[in-house]
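Letters go in sequence order (proteins before strands), and every chain restarts at 1.
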Number of protein chains: 2
Amino acid sequence: MVTIKDVAKHARVSVATVSRVLNNNGYVGAETRKKVMTAIEELNYSPNEVARSLYKRGSRLIGLLLPDITNPFFPQLARGVEDEAGRHGFRVLLGNSDEDIEKEMDYIQTFVQNNVVGMITATNHVDYDMYQSLDLPLVLLDRTSSSYPAVYADGREGGRLAAETLIKKGAQRVTLVKGPAHVKPAVDRYRGAVEVLGEADVDFSVMSTTSYAFEEALNWAEELFKKFPETDGIIASNDIVGIAIIHEALKRGKNIPEELQIIGYDDIPQSRLSYPPLTTIRQPAYEMGRRAAELLIQRIGQPQQEHRSIQMPVELIERHTTRKDDQE
Amino acid sequence: MVTIKDVAKHARVSVATVSRVLNNNGYVGAETRKKVMTAIEELNYSPNEVARSLYKRGSRLIGLLLPDITNPFFPQLARGVEDEAGRHGFRVLLGNSDEDIEKEMDYIQTFVQNNVVGMITATNHVDYDMYQSLDLPLVLLDRTSSSYPAVYADGREGGRLAAETLIKKGAQRVTLVKGPAHVKPAVDRYRGAVEVLGEADVDFSVMSTTSYAFEEALNWAEELFKKFPETDGIIASNDIVGIAIIHEALKRGKNIPEELQIIGYDDIPQSRLSYPPLTTIRQPAYEMGRRAAELLIQRIGQPQQEHRSIQMPVELIERHTTRKDDQE
DNA sequence: CTGCATTGTGTAACCGGTTACATAGAACAT
DNA sequence: ATGTTCTATGTAACCGGTTACACAATGCAG
C-alpha cells in the first residue's frame, strides 16, 4: 500500500505539504504543488479514508437502515439515497433490519463504530435509547417522529385516496387488507382508508395480515377470497399483495375490473407489468430516498438547524384494475 | 465519545490491559478482567472500529458491487451475502455499478480506501487494471473468470434447459429473447438456448434487447409480438421480460399456455405471482450470495489457497405458462 | 532600513485503537 | 538458594492521515 509518506519522499517534501495539496488548504507553492501532483500520479496514490476518518472523527459514510431490500419498495429508496449521497461524495453502509430490534441495534452499533457521519433509518423504534443517545445527524425515511426530521409520504391521505377511489368507482362491498400492525406506514394507510369507508354508504370488511413477504402473499389472497367471496373492491396493503390478489381473482374466474376492482399501494415497478396492470397509490420512492439523503447532508453541514420534515405527495395511478369513471 | 482511555482510567489500568480483555489475548488477571468489564459496562463503551482497522490494515467490511439492486434478482444475492457475512461478524459496503465502468471504478476505490478485507463483485470487467492491481481477496458473483474464484449458475445449461423444455412441450415456432450483449450471463444463456434450438426440428427467431429495465420491458414485449405474431413459444431473457410478455400476450387475447408458452429466467419472487404463474429457470440467488460470502471469508482466512469456484445448479420451475407434458 | 503581514514548508502531536517490549512478582525445578 | 518459566501489567511505538505551531523567506508600508 502506498502511503502519504511514500508520496512525500518521492516528491522530496514533508507529509504535511502533501496533505495540504490533497486537501487544498494552507499555503503551497506552485512549483511544489506540481511536484506533489506528479508524485501522486506516478505512485498511483489514493489516501486512506480510514486514517483520515480517525483524525476527523467522521468518515464519508452514511448508514442506511432499511427493513428488507428484498421487498421491491426499498431498493428504490436505497437507490435514491445512494445516488444523492454519491453526488456529494458520500457512500452508503447498508443494513437490513427485517423489522427486528436486535438486528437494528447491531447495525446502529456498526454504523457508529465505523464513524458514519449520519444515518438514514426506516425504523419504528426511534424512541429507543439506542437512538436517543446517538449524537449523529439522523433522518427518518418512510417513517415519522416528532424528534427527528423525516421524509415520508402521507399514508393517511394515501389510504383515504384509495378508499375514495374505490367508492367513487362504484364498489359496494369493499375489503380492506390491513398490513402488519407493527409497521407504522401500514397502519397509517389502513386508518386513512377506514376513515373514508366508515363515512360512506358501503359495506366493508377488514382482513388482517401479518407480513409483506412474497411467499405469503398468495396465501393472504386465497384466504381473502375464502372469507369474503362476495367482495367487489379490494384495497390491498401493498402492491405485492395487490398483485397476488389479481392472480387469485383471475384463477377464480373473476372479471377485473367489472366484477372486482383492486387497488394497490406503493407503485412498485412491477405493478405496471401485471395483467391487468394494477391501479395503485404511488409513493415516490426514489425521490423520497433522494430527499432524505439531501436533508441529511444538509444537516451534516449545519447540525444546529432546527429540523424540517418533508411530506411527499401520494398520487393515484389509474391503471386497469379499477373501472373507468363509474359516477354514481 | 467514550474511548479506551476513559475505560482504562475508570478501571485504573492501562489501555493495553483494556485492549487485552477486549480481544481476549495476552494475560489478564481474573480480578483485573472483572474491573475492566464493569468499567466497559458502566461507560457503555464500544471500541472504535476505525482505529482498530487502521492499525490492523483491515476492517470488518466487505465490499459488494452489484449492477443494480432495483432489479429484483440482485436484492436476493445481496441478502445472501449480507446474512452470511453478518454471521461471521462482517458488514457490507454496497455499490450499484449500473454496469458502468466509471461507477465501478469509483466504488472499488472507495472500498480500498475504507480498508475492506475483501470484495464480492458482479462485474464484466475483471480484466481491467483496477482489479489486477488489487491485492484483496476477491470473489466473483453471477460472473466468471479464470483468474478469480466465482460463484455462478450455469447459464449455458440454463439456456439449454429452457429450450429443451419448450421443445419437449411441443412449441413449434420459438422466439428467443436475447438479453443485453454486454452482460455475460445473458449471453451464456442465449448461447445455450441457441445450441439446442439449432439442433431441433423447430423454427426459431431471435429478438435482441438492450436492457433489463422495468420501464422498457413492456416495450420489448410489444415489439416482440409485432415482429413475431405467430410465435407459440418464447424464451424470455429474464423473468421481468417474461412477466411483461405474459401481460402483452393476455392483452392480445392469447391463451397461455395452450396457444403460447413462455419461459422466464431467474425465478425472482414475483414470478409466482403473475397469472398464469411463470414457468422459469431458477437460479438460487440467495444461496449464491451466501456461498460467495462464505468463499470470500474462507479466503480472508487463508489467502494463499488455490482458488475454487462454485457452479450452482439451475433448475426448471414448472408453473403454468408451459403445458403439462405434451410428449410428441 | 525596520517592522509587520503574507507565503511556504517542516516537525511533531494527535485521532483511538493494537502490540512489541520491558519489567516484576510468583511458581516451579534443580 | 538460584535460575527459569509463567503470569500480569504498563510504556511507548505504530497504523496513515490532519493540523497546530514554529520558523524562514519574501513583500510591502512607513
Side-chain angles (χ1 to χ4, degrees), chain A residues 1-37 39-40 43-61 89 109-117 135-136, chain B residues 1-37 39-40 43-61 89 109-117 135-136:
Chain A
M1 181 193 254
V2 25
T3 75
I4 199 171
K5 272 182 206 152
D6 302 321
V7 176
K9 201 171 297 173
H10 198 263
R12 301 173 182 287
V13 297
S14 74
V15 294
T17 302
V18 177
S19 178
R20 279 189 283 255
V21 344
L22 282 172
N23 297 287
N24 244 315
N25 59 18
Y27 293 107
V28 181
E31 198 66 1
T32 315
R33 162 165 277 115
K34 195 166 292 174
K35 274 196 305 185
V36 173
M37 296 296 248
I40 290 175
L43 300 180
N44 189 20
Y45 166 75
S46 98
N48 182 322
E49 193 54 42
V50 171
R52 169 183 270 154
S53 157
L54 178 57
Y55 185 89
K56 295 295 207 66
R57 289 199 199 75
S59 61
R60 308 241 53 182
L61 296 177
Q109 199 189 17
T110 302
F111 291 166
V112 174
Q113 289 182 327
N114 284 282
N115 278 3
V116 300
V117 269
D135 71 337
L136 279 177
Chain B
M1 181 193 258
V2 25
T3 75
I4 199 172
K5 271 182 205 150
D6 302 322
V7 176
K9 202 169 297 172
H10 197 263
R12 301 172 184 289
V13 297
S14 74
V15 293
T17 302
V18 176
S19 177
R20 279 189 283 256
V21 346
L22 282 171
N23 296 288
N24 243 316
N25 58 19
Y27 292 108
V28 180
E31 198 64 2
T32 314
R33 162 165 277 116
K34 194 166 292 174
K35 275 196 305 186
V36 173
M37 297 294 251
I40 291 176
L43 300 181
N44 189 19
Y45 165 75
S46 98
N48 182 321
E49 193 54 42
V50 171
R52 170 183 268 152
S53 156
L54 179 57
Y55 185 88
K56 296 293 207 68
R57 287 199 200 74
S59 60
R60 313 257 359 168
L61 296 177
Q109 200 189 19
T110 303
F111 291 166
V112 317
Q113 287 183 328
N114 284 282
N115 278 4
V116 299
V117 270
D135 70 337
L136 280 177

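- Along DNA chain D, the nucleotide nearest A:L22 and the nucleotide nearest B:Y55 are compared for position; the residue whose nucleotide lies closer to the 5' end is B:Y55.
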N/O donor to acceptor pairs below 3.5 angstrom from side-chain atoms of residues 21-30 of chain B, sequence neighbours left out:
unit_1: B:N23; atom_1: OD1; unit_2: B:R52; atom_2: NH2; d: 3.0
unit_1: B:N23; atom_1: ND2; unit_2: B:S19; atom_2: O; d: 2.8
unit_1: B:N23; atom_1: ND2; unit_2: B:S19; atom_2: OG; d: 3.3
unit_1: B:N24; atom_1: OD1; unit_2: B:R33; atom_2: NH2; d: 3.4

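- The nearest whole Å value for the distance from the CG atom in A:N48 to the P atom in C:dC15 is 18 Å.
- A rotation axis mapping the C1' atoms of four pairs onto the next four is fitted at both ends of the helix from C:dC1-D:dG30 to C:dT30-D:dA1 over five pairs, and the angle between these axes is 50° to 10 degrees.
- Under the side chain to side chain donor-acceptor pair (under 3.5 Å) criterion, A:T32 pairs with no residue at all, not counting sequence neighbours.
- For the side chain to side chain donor-acceptor pair (under 3.5 Å) test, no residue two or more places apart in sequence or in another chain qualifies with A:S59.
- For A:S19, a side-chain nitrogen or oxygen approaches OP1 or OP2 of D:dT18 to under 4.0 Å.
- The separation between B:R52 atom CZ and C:dG16 atom C1' is 11 Å, rounded to whole Å.
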Next item on the list: Go through B:N48 and B:T3 one step at a time and tell me if the side-chain contact (heavy atoms from CB on, under 4.5 Å) criterion holds.
Entry: CA-CA 8 Å; B:N48 182 321; B:T3 75; over 6 Å; no

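- Rounding to the nearest 0.5 Å places CG of A:L61 at 5.0 Å from CG of B:N114.
- For A:K9, the NZ atom is loosely surrounded, since the number of other residues' heavy atoms within 6.0 Å does not exceed 12.
- As a whole-Å value, the separation of A:M1 CE from D:dG16 P is 7 Å.
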Distances for protein N or O near nucleotides 24-26 of chain C N or O, under 3.5 Å:
none

Notebook entry, point to check: Where along nucleotides 4-11 of chain C does protein come under 4.0 Å, by heavy atom, of base (B) or sugar-phosphate alone (S), with - for untouched nucleotides?
Noted result: ---BBBBB

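- Contact of the A:Y45 side chain with the A:I4 side chain is registered, since non-hydrogen atoms from C-beta on lie closer than 4.5 Å.
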Next item on the list: Quick one: do B:K56 and A:V50 satisfy side-chain contact (heavy atoms from CB on, under 4.5 Å)? Show the steps, please.
Entry: CA-CA 11 Å; B:K56 296 293 207 68; A:V50 171; over 6 Å; no

